[in-house]
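A quick write-up on the structure given underneath.
Nothing here was measured: the structure is a model prediction, and the numbers come from that model. We count ligands from 1, going down the list as the structure has it; atoms in each ligand are counted the same way.
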Amino acid sequence: MANREHWGSKMGFVLAAAGSAIGLGNVWKFPYVTGSNGGAAFVFIYLISVVILGLPIMIAELVIGRHTEKDPVGAFKQIAGGTTWEFVGYLGVLSGFFILSFYSVVGGWTIGYIVKSITGSIAGLHDTAQASEIFKQYVANPYLSILYHVLFMASCMYIVIKGIKNGIEKWSKILMPLLFVILIALIVRGITMEGSLEGIIFFLNPDFSKITLNSILSALGQSFFSLSLGMGAMITYGSYLSREDKILHSALWIVLLDTLVAILAGFAIFPSVFAMSLSPQEGPGLIFHVIPAVFARMPLGQFFEVLFFVLLFIAALTSGISLLEVVVAYITDEKGWSRRKAVLVMGSIITLLGIPSALSFGVMGNVTILGNTFFDFMDKLTSNYMLPIGGFFIAICLGWKYGLENTIHELDPDTRFISLKELWAFMIKFVSPFILFVVFFMLIKDDIVALLQKVF
Ligand code: PHE
């Protein structure tokens, strides 16, 4: 498309893409998954999977985006038009639609917790049981859950409506540096507390006896979700790259920043958790149960608590806008709608779709699909199925159907490491699809066995 909008600067693009990658996956999920999987040993496996799986697929998505300058559906139409491969694009857009609907519910909680920490209603909660009770009551309240979910969606829509340069890029350039500053402040606060050393040791000293097949699978799945891969978010962001931008270089930066924030989030959380003699194995509630209790006991706790939830909100927002942009890019590119109309209509539909997820922790808690609440169903469907399937077919389609010879020139022409290109080609053709296939199979094995047992 001749008049396609482009990122204003390379730095703006890297910050926006890093903003997509850095999200609840890093600050909320990574610490608790690490906490329940043996600390440093898990981090080690996570790092390996970022390099062998995450980086090649990240490059592949950016290559497809810049090469075609299209949304995911348009991109696959161009590289594999008229064939069934087009479904990979549709699958991506649908994933964006689904993920945003429940992601926004958690994004809403972060707004609710900012309000709670400012008004002081969670100050002074010394034990986690009390904090957990408050959290349960809060997420079970249908009005508050929906209100904050709508507010989160409205924030995403406000930014995306303004477009790439004046919306997504502008806000990422403000929010991402802020995120780093807050994160550093929280780390300094955490590690200067008495007793924090134990937390640092937990995070740095690997205990490989805790590593099981399941923790390896979690590390692979986690790296994928955290880097926003498998649904065309990076295809979409890549489609606004200009010809001069260097993909390898940018991809390295995005992956580096995302990984850095995951690790830093661990440093911000575990030292405080240990300093306060709390358990690192709290699971998904780690942030919402443990953190208020941690802050309640530290000097200037309320101030740092507000900062912490602002950090979570920023992380969620810059990811939410990338999810919405995938859907909006499809509608504007393929259906010819104006950006404004696409954002308003699609944003509203996603908001409506999120309502059952918002109610999953309260009034709709008993409504289940295949044994899961609506929220868990959406989460599982996308993270365990749609993203790995999407990633698998992105690699196969680029590596085998379209052919790497047609796209390899998209990689930095002046790179001194020509062999890096060949390494990437090898990864995308053989290694990534193989790993994804195995991961996917392992992840769904239990679900399939359960389903078969039900049928027979
Ligand atoms: N990467 C985001 C996170 O870590 C989630 C996300 C997944 C965003 C897929 C966009 C696409 O929270």
Quick one: which ligand 1 atoms are inside 4.0 Å of a heavy atom on [X]?
X      : result
Ser20  : 1 (N), 2 (C), 8 (C), 10 (C)
Met231 : 9 (C), 11 (C)
Ser319 : 2 (C)
Gly25  : 3 (C), 4 (O), 12 (O)
Ala21  : 1 (N), 2 (C), 3 (C), 4 (O)

(message) For the 3.5 Å polar cut-off, considering only N or O atoms, please tell me whether Leu24 and ligand 1 meet it.
(response)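 Yes - when backbone and side-chain N and O of Leu24 are compared with those of ligand 1, one distance drops under 3.5 Å.
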(message) Geometry only, no angles: is Ser322 polar-contacting ligand 1 at N/O separations under 3.5 Å?
(response)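 No.
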I'd like to know whether the aromatic ring centres of [X] and [Y] sit less than 6.0 Å apart in this structure.
X      : Y      : answer
Phe288 : Tyr138 : no
Phe430 : Phe426 : yes
Trp337 : Tyr330 : no

(request) Measure the distance from atom 7 (C) of ligand 1 to every protein heavy atom, then report the residue, atom name and distance (to 0.1 Å) of the closest one. (result)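 Going by distance alone, atom 7 (C) of ligand 1 is nearest to Phe225 O, 3.6 Å.
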(message) Suppose we measure from atom 9 (C) of ligand 1 to each protein heavy atom; which comes out shortest, and what is that distance?
(response)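 Atom 9 (C) of ligand 1 sits closest to the protein heavy atom Ser228 CA, 3.5 Å.
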(request) Go through Phe152 and Trp109 one step at a time and tell me if the ring-ring contact (aromatic ring centres under 6.0 Å, His included) criterion holds. (result) CA-CA 9 Å; Phe152 184 85; Trp109 295 348; over 10 Å; no
(request) Consider ligand 1: state whether an atom of it lies below 4.0 angstrom from any non-hydrogen atom of Tyr103. (result)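 Yes; Tyr103 lies near enough to ligand 1 that a heavy-atom distance drops under 4.0 Å.
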(message) Can a side-chain donor-acceptor contact be found between Ser226 and Asp258 if the only test is distance below 3.5 angstrom?
(response)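 Yes - a donor-acceptor pair under 3.5 Å links their side chains.
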(message) Can you tell me how the ring of Phe377 sits relative to the ring of Phe374, calling it parallel under 30°, perpendicular over 60° and tilted otherwise?
(response)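 Rings of Phe377 and Phe374: tilted, as their planes differ by 30° to 60°.
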(message) Between Glu410 and Lys246, does any side-chain N to carboxylate O distance fall below 4.0 Å?
(response)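 Result for this pair is no, no salt bridge flagged.
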